[in-house]
Amino acid sequence: MKNVLKSVFESFLRSRRMLHHFERWQTMLGSKPVGVASAAMPPDIAKALAAASHADASELLATLGSSPQGLGEEKAQALRKRLGSNEVRHEQPLPWWTHLWQCYRNPFNLLLTVLALVSYVTEDMKAALVIGSMVGLSTVLRFLQESRSNKAAERLKAMVSNTATVLRPERGAASAPRVEVPMRDLVPGDVIALSAGDMIPADCRLLGAKDLFISQSALTGEAMPVEKFPITDRGSPEAGVLERENLLFMGTSVISGTATALIVHTGNRTFFGALAQRVAAADQGTSAFQAGINRVSWVLIRFMLVMAPLVLVINGVSKGDWWEAALFALSIAVGLTPEMLPMIVTATLAKGAVVMSRQKVIVKRLEAIHNFGAMDVLCTDKTGTLTQDRIVLERHTNAWGEASNRVLQLAYLNSFHQTGLKNLLDKAVLNHAEMQPETRLQTAWRKIDEVPFDFSRRRMSVVVENGGSEHLLICKGALEEILSVCTAVERGAEVLALDGDLLASIHRVASELNAQGLRVVAVASRALRANARKPAYGVADESGLTLLGYVAFLDPPKESTAPALRALAEHGVAVKVLTGDNELVARKVCGDVGIEAGHVVLGREIEALDDAGLRTLVEQHQVFAKLTPAHKERIVHALHANGHVVGFMGDGINDAPALRAADIGISVDGAVDVAKESADIILLEKSLMVLEQGVIEGRRTFANMLKYIKLTASSNFGNVFSVLVASAFLPFLPMLPLHLLVQNLLYDVSQIAIPFDNVDPEFLRKPQSWNPADLGRFMVFFGPLSSVFDILTYAVMWFAFSANTVAHQTLFQSGWFVEGLLSQTLIVHLIRTRKIPFLQSRAAWPLLAMGAAIAAAGIWLPMGRLAHYFRLQALPLAYFPWLAAMLAGYATLTQTVKGWYARRYGWQ
């Protein structure tokens with residue numbers, strides 16, 4: 001039963017998921033890593049991949065009708081038309097009739113349907129019609145809101161798309177140019193180029209690779225990357241598909257190195273696609289947002305399970321009519337269920353996502369909006385976030401800080417000839433050198449090989465030759481890592497042995513540059529004589545180098561950074577800077593934007609701490625430098641363990657682990673594929689000011705969802721308390737089941753406009769989160785307030801209007817029906833704000849209009865022509881002054897208690 005009820009609050013969230021992290025599929029299968037054996041996929045796919053692994057590259061190309069130059073555009077289009085897009089359809093759009101059925105199919109609607117059928121069988125057609133209307137309204141509203149949400153989500157997804165680099169041969173061209181193609185447009189036979197940071201877009205067979213390391217953790221659970229080779233697999237046919245060294249799989253990512261690969265399978269025919277289809281119906285785990293919804297919902301469900309039987313027993317014993325008591329108890333149970341919760345949540349999240357898109361913030365998963373609003377710590381990289389993301393090469397010097405064109409020339413050759421991920425520093429070198437004709441050396445030098453960058457070495461090398469007998473290895477990277485493989489330093493025509501004095505001088509010059517806010521990258525080289533030449537080079541060849549000097553880069557702070565940081569602080573979000581740069585550059589930039597750096601924590605300090613020590617450290621400091629990807633991930637985990645809701649903003653491959661670890665991962669449209677795929681939110685504009693707007697909208701969205709839950713909980717609690725009192729003392733039912741259902745239907749209609757309501761600025765100033773304990777306390781304090789005036793209504797109807805016998809019960813029930821509905825409508829405006837409603841805080845016009853319409857309908861029902869149909873009767877005019885007095889008293893008492901409650905417990 002618990003699982004059935006829980007599904008109500010999870011099903012609509014599951015239907016909203018967009019662009020899932022590939023890693024979550026592993027969670028869906030449990031803690032055991034998947035894919036170690038081929039049995040994790042259909043045998044035909046496993047067999048086809050094994051065959052592709054064993055086939056010679058030329059044979060496989062011929063089989064797929066391709067060539068080493070790739071597919072022509074016309075042939076690719078024809079294949080795409082026949083095979084479909086390269087998308088895993090684990091969440092195919094549902095036909096409208098299936099979607100409508102899912103919107104109807106929840107325990108609350110089923111309960112209402114049973115009650116309607118019972119009413120129909122007992123020939124109570126009025127009750128059957130009202131209950132049917134309630135079911136229809138709930139189902140249709142949810143269907144319309146979710147349909148709108150789906151369309152909005154698709155439009156947002158279209159704004160952010162990953163691409164792959166594809167070889168597209170042109171007629172008459174000697175070589176195939178590389179073009180960027182959306183991943184969904186890839187087809188079997190396409191030849192793609194890969195480098196660090198790329199997502200593998202389909203299942204592929206390697207054609208060529210250089211120091212290629214792939215992260216397969218999304219499929220295998222292995223933390224360590226695996227190296228892949230383009231050789232034909234001659235191993236055992238029984239070996240697992242994922243163990244084959246020449247195959248790449250959709251959903252994995254390139255950690256380092258470069259490659260060209262032939263696409264073998266796309267979409268649902270991939271390993272990942274087959275996996276997705278097998279587990280599409282499985283439990284996908286519970287997000288923080290879902291867990292919050294579930295906890296709050298179970299508070300209401302437990303309350304319903306206790307109160308409905310109690311109402312049944314009291315009325316059955318006191319009235320003697322157990323059938324009528326059972327219908328009444330079922331009506332109470334229906335009134336206590338938040339049947340509009342799925343519709344309200346879906347509409348609120350969809351509205352929030354659309355509003356955020358106007359702020360250039362694209363929400364990939366709707367439930368991430370909650371975490372955006374709850375975020376109280378934002379971890380961010382320095383480059384491009386605090387700074388302008390327009391890095392320029394400011395200086396090129398030798399190791400003594402003297403200008404050196406030779407350093408610029410070799411740095412240019414290194415950046416120009418590398419085929420891996422060209423970062424902003426490489427682009428700055430190329431742009432600077434292009435302005436100086438004497439450095440255009442690419443035609444004079446031919447590339448022999450390269451040793452790609454990785455985050456453990458923090459350097460990369462290219463090997464070039466200019467027609468002579470020797471090869472020249474040029475290495476560029478972080479100063480400490482370059483010095484670790486250097487044995488000498490060059491000054492003009494002189495080469496000096498690297499000793500302690502020279503090291504001190506080198507560090508002093510680099511520190512002076514860092515103190516000016518310049519990021520220093522060292523350049524070293526090594527001439528490889530004829531007897532040392534190789535056809536291929538590796539990390540081992542990065543030894544015995546000569547330090548040439550530095551290229552120093554400037555990335556000035558953005559003018560908007562300081563005010564954006566102040567705005568985030570005013571909204572309760574602390575910003576921590578996590579950078580791979582050294583501490584001097586980090587301190588200088590942080591000082592320029594108004595961050596008090598204090599002690600800058602270095603990566604080596606983090607390595608020396610256990611998890612408990614790190615949890616203490618992260619609370620005490622704001623700036624962390626010289627970090628590896630693992631350091632960033634540990635910091636995020638430590639903050640999360642301390643109870644923070646952590647956001648992480650990054651755009652590089654080194655940020656992917658932290659993006660996945662954060663409660664809310666934030667990336668930008670220009671980020672590497674793996675960073676965008678790991679993120680929950682994509683910024684079309686890399687700005688902290690945009691983040692501040694997103695935080696505000698996230699909190700506004702959460703506030704409106706919380707309003708509905710608080711209103712429903714407190715109002716329903718008060719109604720049931722009133723029913724218990726009336727049932728114990730009245731000789732008849734205080735309201736018929738039909739009356740309760742109509743009242744509940746009208747009240748639900750009045751809540752439809754809540755997603756569009758205004759939110760007080762005070763609520764937006766600090767992070768908000770689910771608090772079931774606070775909800776229970778809120779129910780206890782505010783629910784009985786309405787009961788006070790319900791009981792006063794009983795007394796007025798009993799004594800002032802003599803509605804004190806079974807013969808006059810319709811008058812009694814009509815009086816309480818009107819007072820109950822109007823007090824419920826009024827409480828919307830009393831509880832939606834801490835301030836004085838209508839004067840200090842006014843609801844949005846849709847909510848005001850809806851409330852006024854429902855109040856008018858509630859008065860009209862007993863006074864109009866359909867009163868007899870609903871078994872109501874016209875109220876005497878003398879009733880309405882009493883009604884006005886009771887509503888005024890209710891508003892006054894609620895406002896008084898609200899002020900005391902806010903001072904005592906706060907107001908969420």
Side-chain angles (χ1 to χ4, degrees), residues 21 23 27 223 285-292 295 367-382 385 565 568-580 583 586 590 595-650 654-666 678-681 688 691-692 694-695 698-699 702 765-774 906 908:
H21 304 327
E23 288 79 358
T27 304
T286 303
S287 68
F289 175 80
Q290 289 174 307
R295 288 196 302 270
E367 60 262 40
I369 295 175
H370 162 253
N371 284 347
F372 213 171
M375 180 176 68
D376 62 342
V377 174
L378 172 65
C379 298
T380 178
D381 192 12
K382 171 182 63 65
T385 305
L565 292 175
L568 285 171
E570 289 171 1
H571 287 89
V573 180
V575 177
K576 295 183 183 290
V577 179
L578 279 57
T579 179
E583 65 273 26
C590 289
I595 296 177
E596 184 61 43
H599 171 66
V600 178
V601 180
L602 301 181
R604 61 174 178 268
E605 298 177 54
I606 293 173
E607 290 177 355
L609 294 173
D610 59 13
D611 290 343
L614 183 58
R615 287 179 60 180
T616 301
L617 183 74
V618 295
E619 297 295 335
Q620 299 170 346
H621 303 284
Q622 279 66 248
V623 183
F624 302 80
K626 296 287 285 185
L627 301 180
T628 66
H631 293 152
K632 295 181 180 182
E633 184 180 23
R634 280 195 68 198
I635 291 171
V636 170
H637 280 306
L639 288 166
H640 185 76
N642 287 345
H644 295 289
V645 178
V646 186
F648 185 89
M649 182 174 177
N654 57 322
D655 296 319
L659 284 166
R660 287 191 293 266
D663 292 286
I664 179 163
I666 306 164
S678 300
D680 305 298
I681 284 178
L688 287 178
L691 276 185
E692 187 246 352
V695 166
R699 292 177 185 174
F702 176 73
R765 288 177 184 164
K766 62 179 182 179
Q768 306 292 339
S769 59
W770 298 109
N771 190 343
D774 182 68
Q908 189 181 42

Measure across [X] and [Y] and return the closest heavy-atom pair with its distance rounded to 0.1 Å.
| X | Y | value |
| --- | --- | --- |
| A625 | V600 | CB-CG1, 3.7 Å |
| N371 | V645 | O-CG1, 3.8 Å |
| V636 | A658 | CG2-CB, 4.1 Å |
| A374 | P767 | O-CB, 3.3 Å |
| V577 | C590 | CG2-SG, 3.9 Å |

T380 side, atom OG1; I666 side, atom CD1 - distance, nearest 0.5 Å: 8.5 Å

Kindly compute the distance separating NE2 (H631) from CZ (R604), expressed to the nearest 0.5 Å.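 Reported to 0.5 Å precision, the distance equals 11.0 Å.
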
H640: what forms a ring-ring contact (aromatic ring centres under 6.0 Å, His included) with it, not counting sequence neighbours?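 In terms of ring-ring contact (aromatic ring centres under 6.0 Å, His included), with neighbours along the sequence ignored, H640 is linked to no residue.
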
Would you please test E605 and H599 for side-chain hydrogen bond (donor to acceptor under 3.5 Å, both in side chains) and show each step? CA-CA 12 Å; E605 298 177 54; H599 171 66; 3.1 Å; yes

Evaluate side-chain contact (heavy atoms from CB on, under 4.5 Å) for L639 paired with K576, printing each intermediate quantity in order. CA-CA 11 Å; L639 288 166; K576 295 183 183 290; 3.9 Å; yes

Which pairs count as salt bridge (Lys or Arg N to Asp or Glu O under 4.0 Å) when at least one residue sits in residues 608-634, sequence neighbours excluded?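 For residues 608-634: D611-R634, K632-D655.
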
Take D376 and V573 through the side-chain contact (heavy atoms from CB on, under 4.5 Å) test and state the conclusion after the steps. CA-CA 4 Å; D376 62 342; V573 180; 5.7 Å; no

I'd like to know whether CD of Q620 has more than 12 heavy-atom contacts from other residues, nucleotides or ligands below 6.0 angstrom. yes

Any side-chain heavy atom of H571 sitting closer than 4.5 Å to one from E692?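 Of all side-chain heavy-atom pairs linking E692 with H571, at least one is under 4.5 Å.
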
